[in-house]
Enquirer: 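Dumping the structure here so I can ask a few things about it.
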Amino acid sequence: MTTRVRFAPSPTGYLHIGSARTALFNYLYARHVGGKFLLRIEDTDIARSTEESTRSILDGLAWLELEHDEEIVFQSDNADKHRSAARKLLAEGKAYRDFTPKAEPTDQNVKEGIAERARANQGVKNMRDNPYRDLSANESDARAAAGEPFAIRLKVAEHGRTAFDDAVYGIQEREYADTEDLVLLRSDGHPLYNLAVVCDDIEMQITHVIRGQDHLTNTHKQILIYEALGVTPPTFAHLPLIMAPNKGKLSKRKHGEVVSMTTYRDAGFLAAAFRNFLALLGWSAGEEQEIYSLEELIQKFSLEGIHRSNAVFNFHESDPRKWTDDKAIWMNAEYIRTMPLEDLLPFVKPELKTAKLWREEYDDDERGWFERTIDLIRQRFFTLKDFSAQGRAYFSEDYDFDAAAVEKNLVKFPDLRSWLPELADRFEAEFEKQRYTEENIETVVKSFTEEKGTKLGVIMNGARTLLTGVAVGPSMLAVFETIGLEKTIMRLKSQVAWNAVA
RNA sequence: GACCGGUUCGUCUAGGGGUUAGGACACCGCCCUUUCACGGCGGCAACACGGGUUCAAAUCCCGUACCGGUUACCA
């Protein structure tokens, strides 16, 4: 039988980092075994589901390049099937109508309310004490025919237990007594999650359900539904959860943008790098390798390598340089500086375009220069954004001067205000006679430095600040050459940075 | 509260009876150097606790603590 897995997000927000990892693991598993990776949008919560959210999730998956097979299934389209499954169980006596009026929602926090009620019921709650559980079929039918509203609940047996062998957590068992007669169909005819999931997974012929550990206990309820429906349950594999630095829940509300996939796309992350990072959050191939191509991940992925303990997504809200997990940033930088240049260029181009720094010549006459420049400056960059921010001076005359750089490299050496324009004149004179190459530049700058009786670093760093606006970057000789003679002369003579501090 | 699960450096993790408990990120130091967030070398830093079992326990068993999940006519 072909392996079929699915990623089934509910469209109530953007693609969360935890969901993204669930999607990735499903994808990797499917590709590893040569199976199908399906997508199902669980949009049955009409009140909270939005089309915008669906689009955002699809965008996130597309960005991560997790292509699904077959048509996307929208759970809401299957509501009739879910209802008929509930009616079938009702007809077979495996479910019953519950005429208890629907409880009014309390104004307090839902979760708290549930926990509180459970605590109050402590020791006295019998999961089988519903007065309608054993109502005769005739009476039940009569009341329903009379128009009395009812929910349909699964009739869970009194004695026994559910059991399944989770591919990650091992054998899981639960006494029936700990599971209530769960509602299958709401009194307004709306199918509930557990029923819908089971019906759809059956319909889609899902063989492996790989999802968050928050569903581990729900699984027992779903097993009960599978059994009532007479279908063999699929294999389950539950994933450890991704937590906030305080080991609490990672939520949009509390943590904002850091948990959204689109944030990473917009912040200049490479999908390959982020995927790599995500893959290592809760899974390991049992070796010391850290950088994996998609192909390697697919080849090495296994359910056995998934961990059982939750992982912390380690970001620092107060530190802008560590706004997200250190390792994710490091990995992105690692990809940027080590991936084949030709693979990187297609990502740099749109970044420069967005920043209005792109020129068609870079694809044409100046392609050689462009490639060398990108290769030169990528060494110290973390994200694609750096190409248009820190790298701006390589592509435009309109760039800012970093205050700290100006302070450190210019203000401290007032002589530079006349020396650097002087160096520009020297360049102008010298490079009329000889070629503007790193080697020749070095000779000229060195002799200029000696004449002034200063240190090479003073001249170089002053020039760096004027030429690039920042204090960090590649070898200055390479920078001089890359910026080009004409612009170098112009920038060395410019008083803009000096005027700004005056 | 009940049920279920988890616990190795700050973080991600390797290791599943005998290891100087390994790697990565972060951090610190040194080197390279005209700067640096590149690179090289090095350092700091962990088996939650208590009992067992065993010649031997991070590893197996039990308990405790702590953390997490679930406990809806949400998904």
Enquirer: Among A75(B), C25(B), U35(B), which nucleotide sits nearest the side chain of D45(A)?
Expert: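 Out of A75(B), C25(B), U35(B), the nucleotide with an atom closest to D45(A)'s side chain is A75(B).
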
Enquirer: What's the closest nucleotide to the side chain of K102(A) if the choices are C73(B), U35(B), A24(B)?
Expert: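 Nearest listed nucleotide: C73(B).
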
Enquirer: Return the nucleotide paired to G42(B): Watson-Crick means purine N1 to pyrimidine N3 with N6-O4 or O6-N4, wobble means G-U with N1-O2 and O6-N3, both under 3.5 Å.
Expert: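 Answer to the pairing question: C28(B), which forms a Watson-Crick or G-U pair with G42(B).
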
Enquirer: Can you tell me the base-pairing partner of G1(B)? Count Watson-Crick or G-U wobble geometry only, both distances below 3.5 Å, and say none if there is no partner.
Expert: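 Its partner is U71(B) (Watson-Crick or G-U wobble, both distances under 3.5 Å).
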
Enquirer: Take the protein atom NZ of K455(A) and the nucleotide atom P of U34(B), then report the distance between them rounded to whole Å.
Expert: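 Rounded to whole Å, this separation is 11 Å.
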
Enquirer: Between C1' on A37(B) and CH2 on W323(A), what's the gap in Å once rounded to a whole number?
Expert: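 After rounding, the reported distance stands at 17 Å.
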
Enquirer: Centroid-to-centroid, Y96(A) to F150(A), below 6.0 Å?
Expert: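 For Y96(A) and F150(A), the ring centres are not under 6.0 Å apart.
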
Enquirer: Does a nitrogen or oxygen in the side chain of R186(A) sit under 4.0 Å from OP1 or OP2 of C74(B)?
Expert: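 Checking R186(A) against C74(B): at least one side-chain N or O falls below 4.0 Å of OP1 or OP2.
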
Enquirer: When rounded to the nearest Å, what value does the distance between C1' atoms of A24(B) and G18(B) take?
Expert: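 These two C1' atoms come out 27 Å apart once rounded.
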
Enquirer: May I ask which nucleotide in the shown strands pairs with G63(B), Watson-Crick or G-U wobble, both distances under 3.5 Å?
Expert: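 For G63(B), the partner nucleotide comes out as C49(B), under the 3.5 Å rule.
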
Enquirer: Distance check: side-chain N/O of R153(A) vs OP1/OP2 of C73(B), anything under 4.0 Å?
Expert: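 It does, given that an N or O in the side chain of R153(A) lies less than 4.0 Å from OP1 or OP2 of C73(B).
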
Enquirer: Students often get this wrong, so: under 4.0 angstrom with heavy atoms, is N218(A) touching a base, only sugar-phosphate, or nothing?
Expert: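 Base: the residue N218(A), judged by heavy atoms under 4.0 Å, touches a nucleobase.
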
Enquirer: Would you indicate what E442(A) reaches in the nucleic acid, counting non-hydrogen atoms under 4.0 angstrom: base, sugar-phosphate, or nothing?
Expert: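 Touches nothing.
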
Enquirer: Given the P atoms of G6(B) and C38(B), what is the spacing between them in whole Å?
Expert: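 Result for the P pair: 39 Å, nearest Å.
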
Enquirer: Go along nucleotides 27-33 of chain B 5' to 3' and tag each nucleotide: B for a protein heavy atom under 4.0 Å from its base, S when only backbone or sugar atoms are that close, - otherwise.
Expert: -------

Enquirer: Using a cut-off of 6.0 Å, state whether more than 12 heavy atoms not belonging to D375(A) lie near its atom CG.
Expert: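 Atom CG in D375(A) is packed in, count exceeds 12.
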
Enquirer: Can you figure out which of A26(B), C74(B), U35(B) approaches the side chain of V472(A) most closely?
Expert: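 For the V472(A) side chain, the nearest candidate turns out to be U35(B).
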
Enquirer: Could you identify the nucleotide paired to A57(B), looking across every strand shown and requiring Watson-Crick or G-U wobble geometry with both distances under 3.5 Å?
Expert: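 Matched A57(B) with nothing under the 3.5 Å cut-off.
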
Enquirer: Evaluate the ring planes of H238(A) and F236(A), with Trp represented by its six-membered ring, and classify them as parallel (under 30°), tilted (30 to 60°) or perpendicular (over 60°).
Expert: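 Rings of H238(A) and F236(A): parallel, as their planes differ by under 30°.
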
Enquirer: Determine the interatomic distance between C1' on A37(B) and the same-named atom on C27(B); round to the nearest Å.
Expert: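 That atom pair is separated by 14 Å.
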
Enquirer: Check whether the side chains of D200(A) and Q75(A) place a donor and an acceptor atom closer than 3.5 Å, and report yes or no.
Expert: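 Present: a donor and an acceptor within the cut-off.
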
Enquirer: Please tabulate, one pair per line, each protein N/O and nucleotide N/O from nucleotides 59-64 of chain B that are separated by under 3.5 Å, including the distance.
Expert:
none

Enquirer: Given the P atoms of U59(B) and A48(B), what is the spacing between them in whole Å?
Expert: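 The answer is 8 Å between these two P atoms.
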
Enquirer: Could you tell me whether D45(A) and R48(A) make a salt bridge, using a distance below 4.0 angstrom between a side-chain N and a carboxylate O?
Expert: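 Salt bridge: yes.
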
Enquirer: Which nucleotide, in any strand shown, forms a Watson-Crick or G-U wobble pair with U33(B), with both distances under 3.5 Å?
Expert: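 Answer to the pairing question: none, since U33(B) forms no Watson-Crick or G-U pair.
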
Enquirer: In a check of side-chain contact (heavy atoms from CB on, under 4.5 Å) between L423(A) and each of I489(A), T488(A), L492(A), which one passes?
Expert: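 Among I489(A), T488(A), L492(A), the one that satisfies the side-chain contact (heavy atoms from CB on, under 4.5 Å) with L423(A) is L492(A).
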
Enquirer: Using the ring of each side chain (for Trp, its six-membered ring), is Y264(A) parallel, tilted or perpendicular to W323(A), with breaks at 30° and 60°?
Expert: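 Aromatic pair Y264(A)/W323(A) classed parallel.
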
Enquirer: When you compare the side chains of N440(A) and T437(A), does any donor N or O come within less than 3.5 Å of an acceptor on the partner?
Expert: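 Present: a donor and an acceptor within the cut-off.
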
Enquirer: Answer with yes or no whether S475(A) presents, from its side chain, a donor or acceptor under 3.5 Å of a partner atom in the base of U34(B).
Expert: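 By the distance-only test, yes, there is a pair.
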
Enquirer: Taking the nucleotide of RNA chain B with the nearest heavy atom to each, does F381(A) or D98(A) sit closer to the 5' end?
Expert: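 Upstream on the strand: F381(A).
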
Enquirer: Taking atom C1' in both A58(B) and G15(B), what distance in whole Å separates the two?
Expert: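 After rounding to an integer number of Å, I get 9 Å for this pair.
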
Enquirer: Heavy atoms under 4.0 Å, any strand shown: does M331(A) hit a base, just sugar-phosphate, or nothing?
Expert: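 Nothing, no heavy atom under 4.0 Å.
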
Enquirer: Over all strands shown, is K446(A) touching base, sugar-phosphate only, or nothing at heavy-atom distances under 4.0 angstrom?
Expert: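 Contact class for K446(A): none.
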
Enquirer: Within the 4.0 Å heavy-atom criterion, would you say K408(A) contacts the bases, only the backbone, or no part of the nucleic acid?
Expert: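 Contact class for K408(A): sugar-phosphate only.
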
Enquirer: Within this structure, what is the CZ-CG distance for the pair F277(A) and L270(A), rounded to the nearest 0.5 Å?
Expert: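 Answer rounded to 0.5 Å: 14.5 Å.
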
Enquirer: Check every strand shown and say whether P149(A) touches a base, only sugar-phosphate, or nothing at a heavy-atom separation below 4.0 Å.
Expert: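 Answer is nothing: P149(A) stays at 4.0 Å or more from every strand.
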
Enquirer: Regarding D319(A) and R321(A), does a basic nitrogen lie under 4.0 Å from an acidic carboxylate oxygen?
Expert: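 Answer for the salt bridge query: no.
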
Enquirer: Using a heavy-atom cut-off of 4.0 Å across all strands, would you classify R337(A) as base, sugar-phosphate, or nothing?
Expert: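 Contact class for R337(A): sugar-phosphate only.
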
Enquirer: Can a salt bridge be assigned to the pair R153(A) and E180(A) using a cut-off of 4.0 Å between side-chain N and carboxylate O?
Expert: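 Salt bridge: yes.
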
Enquirer: Does the ring centre of F164(A) sit less than 6.0 Å away from the ring centre of H220(A)?
Expert: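 Ring centres of F164(A) and H220(A) closer than 6.0 Å.
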
Enquirer: Would you indicate what L477(A) reaches in the nucleic acid, counting non-hydrogen atoms under 4.0 angstrom: base, sugar-phosphate, or nothing?
Expert: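 Base contact.
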
Enquirer: For G63(B) and G40(B), measure between their P atoms and round to the nearest Å.
Expert: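 Their P atoms lie roughly 49 Å apart.
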
Enquirer: Using side-chain contact (heavy atoms from CB on, under 4.5 Å) as the criterion, point out the one residue from R128(A), H159(A), E158(A) that pairs with Y176(A).
Expert: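 Passing option: R128(A).
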
Enquirer: Quick one: look up who G16(B) pairs with, Watson-Crick or G-U, both distances under 3.5 Å, and put none if it's unpaired.
Expert: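 Pairing partner, where one exists within any strand: none, as none qualifies.
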
Enquirer: Taking the P atom of each, how far is C62(B) from U7(B), in whole Å?
Expert: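 After rounding to an integer number of Å, I get 14 Å for this pair.
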
Enquirer: Does S49(A) reach a base, just sugar-phosphate, or nothing at all? Heavy atoms under 4.0 Å.
Expert: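 Nothing: the residue S49(A), judged by heavy atoms under 4.0 Å, touches no strand.
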
Enquirer: On a whole-Å scale, what distance lies between the P atoms belonging to C67(B) and G42(B)?
Expert: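 That atom pair is separated by 40 Å.
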
Enquirer: Answer with yes or no after comparing the ring centroid distance for F313(A) and H255(A) against a 6.0 Å cut-off, counting only values under it.
Expert: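 So the answer is no for these two rings.
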
Enquirer: If only side-chain N and O atoms of S187(A) are considered, is one of them under 4.0 Å from the OP1 or OP2 phosphate oxygen of C73(B)?
Expert: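 Answer is no, no contact under 4.0 Å.
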
Enquirer: Could you tell me which nucleotide pairs with C9(B) by Watson-Crick or G-U wobble geometry, both distances under 3.5 Å, or answer none if nothing does?
Expert: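 The answer is none; no pair meets the criterion.
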
Enquirer: Would you give a per-nucleotide map of nucleotides 4-17 of chain B, 5' to 3', where B means the base has a protein non-hydrogen atom under 4.0 Å away, S means only the sugar-phosphate does, and - means neither?
Expert: SSSS---SBSS---

Enquirer: Cationic tip of K252(A) within the cone over Y14(A)'s six-membered ring, i.e. under 6.0 Å and within 45° of the normal?
Expert: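 Checked: cation-pi criterion met.
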
Enquirer: Between H190(A) and A75(B), is there a contact of a side-chain N or O with OP1 or OP2 at under 4.0 Å?
Expert: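 Checking H190(A) against A75(B): at least one side-chain N or O falls below 4.0 Å of OP1 or OP2.
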
